[in-house]
Structures are given as structure tokens and as C-alpha cells.
Amino acid sequence: MDNNSVQQDVNDLIRRRFEELEELKAMNVQAYAYQFDVDSYSAVLKNNFEKYEAKDVKVAGRIMAIRRMGKASFAHLQDKLGRIQIYLKKDEIGDSYDAFKLMDIGDIIGIEGFVFKTKTGEISVHAKSLTLLSKSIRPIPIAKEVVDENGNKTVYDQFADKELRYRQRYVDLIVNPEVKEVFKKRSAIVTTIRQFLDTNEFVEVETPILQPLYGGAAARPFITHHNTLDMDLYLRIADELYLKRLIVGGFDRVYEISKDFRNEGIDKTHNPEFTMLELYVAYKDYNWMMTFVENMVNHTAEKVFGKTEFEIEGKKVSFNSPWKRVSMVDELKNYTGLDVLSASKEDLKLELKKRGVETKDGLSKGKLIDELFEITIQPSLIQPTFVTDYPVELSPLAKKHRTREGLVERFEGFVLGREICNAFSELNDPIDQRERFESQVKMIEEGDDEAHQIDEDYLKAMEFGMPPTAGLGVGIDRLVMLLTNQPSIRDVILFPHMRHRTED
RNA sequence: GGGCGCGUAGCUCAGUGGUAGAGCAUCUGCCUUUUAAGCAGAGGGUCGGUGGUUCGAGACCACCCGCGCUCACCA
């Protein structure tokens, strides 16, 4: 936003700040500094008072509260680690004190001074000099915090409007410190997963986001256009087909952590772009992968949170190994009495209807089975559980089950009734793969707009010979939601997609 | 897309048909260890938008915009 449009935003608070800017200029105070040599941070000073008492420090941060008392003032400075109080006296900082009178909550300043404790016991920095680093011209929402004798924190007037918090995340981060904590945890989770994979001899790779064909998942894509090639391209819905080409090429263990894009609805668990971890391991199968997932999640939980048992949405969840493993069709038989493999489509529809679900025509048997699973078994999977062996129609890239007809070697991990990962023994038989693609094309012809396209180049790669391989996909956003106990995907994505606003 | 709810000052909210309010923030004055600092005073509004009903609308009605919850779609 340029200066003019800020000034057009007619508002007394903003107008006043422009006046202050002029007054500061008249006092020869630079409102936007070039640098400041910070050497100390709030929490460090407060946690190590004995070490820092009476020592000179340089702190910088955003003013979050001011208490002026004539010729002396207190203020709270917020830096990356929290808040610390500063004390300013006209006697000691002279002209800077007059400049300080023109500063507001939201301004960023640097303080050089010594650490002390006030009468009332608050560890503070007694300023010897004050430097304005950046003048804020928009008022930030003021939240006041009170900590009582018992250490209970009460926040008054917390910035709570969810729409504004998501649209102006920078403000949310300034004002709501717990938001920053969630994103620090997210960062630590991703870093830890990377370290875990690196120590397990994976190679991190990058594959195309712009793809001439989309595949690897059942979803509708975003379409874009390359001008000089004059061709439409799709934003990827999954990394899978490229990563498996790399397995063909001789990378035995590869992974990619990156954005996928799916042109679908937006809700608590869906954002149009989301972060996916996919990894592939040559010479292993899905049984091996289940143990690997357990280890990876446990390692991450332990390293980032120091525990493997969590309370999530009021329920105790233990990620300790081994996770429960159940077969999808066996569970359905136990639950409904129906052998879904030998059952007809009509039987399945009847079973669904009994539970109040009307199905539209043209659904494959596999989808009906999946539907029945979702409404019967899935919600009851609170503790981490691997559900194994899915109908072949649902999984055109997974290897047929070695003993069970009509199924593939696939598992999904569920926690609190929500899917957190998807994996299979990868299909490496090019003839079978071609047949699978062809039956997907029939599904497209029957109106399934999410069925898989034929990827001839992928088939060609597989025809050169692909080792047996285990593959895994983990929705990072959803994993972070679980571990940080956040109810909405928007709370773990810094800038979630919002509907465009015409005004504003 | 359906249902329900919400949108009033920078922030948090009250205001059920009759002169737009409160607290915090802002401004002025006093105040050199305060802490939701205090005391005294002041300013600040397209009540999401458009249209309608009415003598009169922040409120009632219709449509639209945005957000939340939920169902559907969807992994």
C-alpha cells in the first residue's frame, strides 16, 4: 500500500500518527532506522536475572503498552521471545524523552540500558538511550494482559475477529502470542521430520509443480497456462508419479515436502494448497512402512513436544508403538455382518441406506465400500490405527494384495477419526498399471471427474523396471493440527485462503 | 451449494422502532519505580452494502457481500 492510500484511510488515529511523524522529523528523529545491534532478548533476561542484573544490554522490539507518569514512563517491549518492561526517565535520556512522547503502542524501538528489578518486582531494562526503529502509523488492536498472584493470565480485549486474524496474520502474530507458538511448533515438526529422513538415508528432491498431466491422487486440479509453450498445465495434486520415476532411476529413498493443490471446497480440514510429505523406499513393502510411520511420528512427537501421549480435543491419544492394525473388510464384516467383497453393489447400497446414506448412481463398488467404512468404522478410530487393504478400484497405483483377491496392499493411518497418512506397496508391474489406468479412463467416461488420467511417460518409466517399493503420503497440516491441538487447518497455515474482498 | 449464527468507534462489546453507547486505545492537563497505573477533561461512527416498510430503521423485510459453525461435496 502506498503512502497516499494510507493517508486516504481517513481516521483520526492514523492522521495523528502522521502528525507525530512530522513532529519527530522536526526534532531530527529518524522514524525508520537502518539497523540496531540487539544483544539480548526478553525471556533470556527474565530467566537469568542474577546473571544480567545491573549489566548493560541492548534490546529491541515493539511497544505493546505504555504507562506515562510525567517525567518518567514505563513501557512493555515485545521481541521474538516475549515481553520485557523498560523504564525511561527524562533526567537520563533527555531529548529522547520528548521524542518518546510522540511514540505509540506498535512502534518499534531499540533500548540500551541496564537490567534491574522494580519496587514491585518486575525485571526491567532501565534505559540510558532510546532509538526509534520504525514508526507504526496504523493502530494495532490493544490486548491487555493481567497476571494475578496465582499466575493466571487474563487477556482483555483480545483481538478475536477470526476473519481479520486470518486476513491480517501479521497483526494476529503481533497481538496473539500463542499463534506464534503454533507456527514455531509447525516449523520444528517439519525440521524434525527432515532430520529423521536424512538420518534414514533419504534424499530430498524437488519435482515439478507445473505438470502437463496431473495424477497420484483423486482430486480436481487447478489449471494454468504457459504462454510461450502455449499449453495448459496443471498444478500438481500429488508428487507421487515423479517421485516413483526417481525410484526407477535408482534413488532408493527419496522424499519431498511441498505444496499440493486441489481445486475443491474449503473447510476446517481442507485448504486449496496444503503441505504434503511423500516418500518412497525401494525394496520395502507396506508392512515395513507401517513401522516406519510409527517411528517417524513418535520420534517427531518426542523431539518437538517431549512426549508421545497427547490430549487432543479432550481425548487422550497415545502415539506409542505399536499402533493398532485392522483390515478394512474384516472390520466391516465385524461391524455390519456383511462380507463386502462378495456383496453386490445393491447389498452395499442397502447397508448404506440402513444408516441413512443415500448414494448416487454410478459409484463403483469400491467407493460404496469406502463410504460404508467412513460412516461406520472411521469415526471410532480414536487411537492411532492403521486400516489396511483397500478395494482395488480406489487405488490405481497400489500393488494387488498378495493373497486377498480384489484388494490392494494399502493402509491409511487414522487418529481421532481423521486420516493422517496414506501408503501402499507401490504397483511396479507395468502391464497391471496400464490395465488400471484403462479402467480409470472408463470411470472418467462414466462421469467420475476425479479418476486418474493415463500417464504414458510414467508407464514408460515403469517398463524400464521399477523395484518393489513402499510409498507414503502424510498431510503435514493435519499432522500439525493434531500435535498442536488446533481445531482448524486455518490455524496451522499462516495465510489460509479466503474469499477475495472487493472493497478494502 | 443447503441450514443456523454473526457483522455497531482502532480493539472487545451493549443497544428489540423514537437524539448512536461503555471499557480499553487516542487527544489535552497533572503526575520521576508504574503495571488493565491514577486523577480531571475532550474528540472519535457510511451501525457490512443496496433497496424496501414506516411519520421515524442500528433494530423490521428483501437481496447482496464477508466471516464462523454445520451438513453435503471433498481426502
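A note on names: the letters A, B, ... follow the listed sequences, proteins ahead of strands, and every chain is numbered from 1.
Atom CG in Leu130(A) sits roughly 19 Å away from atom P in U32(B) (whole-Å rounding). Look at NE2 on His76(A): it is 10 Å from C1' on U34(B), rounded to the nearest Å. To the nearest angstrom, P of G3(B) lies 19 Å from CG of Asp267(A). Distance Leu164(A) CG to C6(B) P: 19 Å, rounded to the nearest Å. Remark: P of U35(B) and CD1 of Ile86(A) are 17 Å apart, rounded to the nearest angstrom. Per the geometry, CE belonging to Met498(A) stands 16 Å off P belonging to C65(B), to the nearest Å. Summarising the geometry, the separation between CD1 on Ile266(A) and P on U70(B) is reported as 16 Å, rounded to the nearest angstrom. At whole-Å resolution of the value, NZ in Lys71(A) and P in C31(B) are 5 Å apart.
Across all strands, Glu122(A) comes closer than 4.0 Å to base atoms (heavy-atom distances). At a threshold of 4.0 angstrom between heavy atoms, the contacts of Lys90(A) with the nucleic acid are absent. At a threshold of 4.0 angstrom between heavy atoms, the contacts of Glu19(A) with the nucleic acid are absent. Across all strands shown, Arg490(A) has heavy atoms under 4.0 Å from sugar-phosphate atoms exclusively, and none from any base. Nucleic acid contact class of Phe159(A) (heavy atoms, under 4.0 Å, all strands): sugar-phosphate only. If you check every strand for non-hydrogen atoms under 4.0 Å, Ala219(A) touches sugar and phosphate atoms only. Across all strands shown, Asp161(A) has heavy atoms under 4.0 Å from sugar-phosphate atoms exclusively, and none from any base. Using a 4.0 Å heavy-atom criterion, one finds that Glu264(A) contacts the sugar-phosphate atoms exclusively. Nucleic acid contact class of Arg16(A) (heavy atoms, under 4.0 Å, all strands): sugar-phosphate only. Among the protein residues, Arg220(A) comes within range of no part of the nucleic acid, since none of its heavy atoms lies under 4.0 Å from any strand. If you check every strand for non-hydrogen atoms under 4.0 Å, Glu374(A) touches a base.
The side chain of Lys268(A) places an N or O atom within less than 4.0 Å of a non-bridging phosphate oxygen (OP1 or OP2) of U70(B). A close approach under 4.0 Å does not occur between any side-chain nitrogen or oxygen of Arg67(A) and OP1 or OP2 of U34(B). Taking 4.0 angstrom as the limit, Arg167(A) places a side-chain polar atom (N or O) nearer than this to OP1 or OP2 of C67(B). In this structure, Lys144(A) reaches the A25(B) phosphate: one of its side-chain N or O atoms is under 4.0 Å from OP1 or OP2. For C67(B), the OP1/OP2 oxygens have a side-chain nitrogen or oxygen of Arg499(A) closer than 4.0 Å.
Between the C1' atoms of G29(B) and C65(B), the separation comes to 45 Å (whole Å). For the C1' atoms, the distance from A59(B) to U8(B) is 11 Å, rounded to whole Å. Rounded to the nearest Å, the gap between the C1' atom of U26(B) and that of G44(B) is 8 Å. Comparing the C1' positions of G18(B) and G56(B) gives a spacing of 7 Å, expressed to the nearest Å. Rounded to whole Å, the separation between the P atoms of A37(B) and A25(B) comes to 7 Å.
Closest approach to the Met69(A) side chain among U26(B), U33(B), C67(B) is made by U33(B) (side chain taken as heavy atoms from C-beta onward). Closest to the Asp104(A) side chain, of the nucleotides A72(B), C67(B), C27(B), is C27(B). Residue Pro139(A) places its side chain closer to G10(B) than to any other of U32(B), G10(B), C67(B). Side-chain atoms of Lys89(A) lie closest to U32(B) of the nucleotides G44(B), A25(B), U32(B).
Side-chain atoms of Gln85(A) and base atoms of U34(B) include a donor and an acceptor less than 3.5 Å apart. Between the side chain of Thr120(A) and the base of U33(B) there is no donor-acceptor pair of N/O atoms closer than 3.5 Å. At a cut-off of 3.5 angstrom, the base of U32(B) holds at least one donor-acceptor pair with the side chain of Asp91(A).
Between Tyr87(A) and Phe116(A), the ring planes lie tilted relative to each other; the angle falls in the 30° to 60° range.
Partner assigned to C60(B) is G52(B), using Watson-Crick or G-U wobble distances below 3.5 angstrom. Of all nucleotides present, only U28(B) satisfies the Watson-Crick or G-U wobble test against A40(B), with each distance under 3.5 Å. U46(B) is unpaired under the criterion used here, namely a Watson-Crick or G-U wobble arrangement in which both key atom distances are under 3.5 Å. The partner of C4(B) is G68(B), by the rule that a Watson-Crick or G-U pair needs both atom distances under 3.5 Å. For A9(B), there is no paired nucleotide, since no Watson-Crick or G-U wobble pair has both relevant distances below 3.5 Å.
Comparing Ile66(A) and Tyr87(A) against RNA chain B, the residue whose closest nucleotide sits nearer the 5' end is Tyr87(A).
Note that the CG atom of Leu494(A) and the OH atom of Tyr170(A) stand 13.0 Å from one another [nearest 0.5 Å].
In this structure, the side chains of Met276(A) and Ser258(A) stay at 4.5 Å or more apart for every pair of heavy atoms.
In this structure, Phe222(A) has its ring center no closer than 6.0 Å to that of Tyr234(A). Ring centroids of Phe411(A) and Phe386(A) are separated by less than 6.0 Å, placing the two rings close together.
There is no side-chain donor-acceptor pair under 3.5 Å between Ser327(A) and Asp389(A). In the model, Glu264(A) has no side-chain atom that pairs as donor or acceptor with a side-chain atom of His270(A) under 3.5 Å. Checking Thr118(A) against Gln85(A) by side-chain atom types alone, no donor-acceptor pair falls below 3.5 Å.
Looking at Asp12(A) and Arg15(A), a side-chain N of the basic residue comes within less than 4.0 Å of a carboxylate O on the acidic one, giving a salt bridge.
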